[in-house]
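What follows is one structure encoded as structure tokens, with my remarks underneath.
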Amino acid sequence: MSLVIGLVMIFKPHFFYDIAEGWKHATGGAPSDFYILHTRIGGVVFVLAGAISPAVSFVTVL
């Protein structure tokens with residue numbers, strides 16, 4: 001699940017903004033460049049966590 005969320009954050013940060021923050025603005029403002037950058041960085045973190053967690057689970061089982 002975190003892989004999907006991370007990919008959306010990386011490749012569709014405006015969609016993520018609409019879901020997470022857009023409802024707070026009555027005028028329908030656009031996200032700042034700073035918000036887009038940090039959303040993409042967070043997406044990379046989510047993708048890495050989603051990719052590493054199955055490996056860690058596998059290693060702890062051994």
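When reading the values below, keep in mind they use all heavy atoms of this one structure, side chains included, and skip hydrogens, waters and symmetry mates. Computed from a predicted model, the values in this text were never measured in an experiment. Each residue takes its place number in the sequence, starting with 1.
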Salt bridge (Lys or Arg N to Asp or Glu O under 4.0 Å) contacts touching [range] (sequence neighbours left out):
| range | value |
| --- | --- |
| residues 48-57 | none |
| residues 20-31 | E21-K24 |
| residues 43-60 | none |

Open item on the list: Test of understanding: with ring-ring contact (aromatic ring centres under 6.0 Å, His included), list the residues that count as partners of Y17, not counting sequence neighbours.
Closed with: Y35

Per-pair distances, 0.1 Å, donor-acceptor, side chain in residues 2-15, under 3.5 Å, sequence neighbours excluded:
residue	atom	partner	partner atom	Å
S2	OG	G50	N	3.4

Task: Shared hydrophobic cluster for I41 and F34 (ILVMFWY, side-chain gaps under 4.5 Å) - done: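 No, it is not one cluster - the side chains of I41 and F34 are not joined through contacts under 4.5 Å.
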
Task: Validation row: V44, R40 side chains within 4.5 angstrom (heavy atoms) - done: no

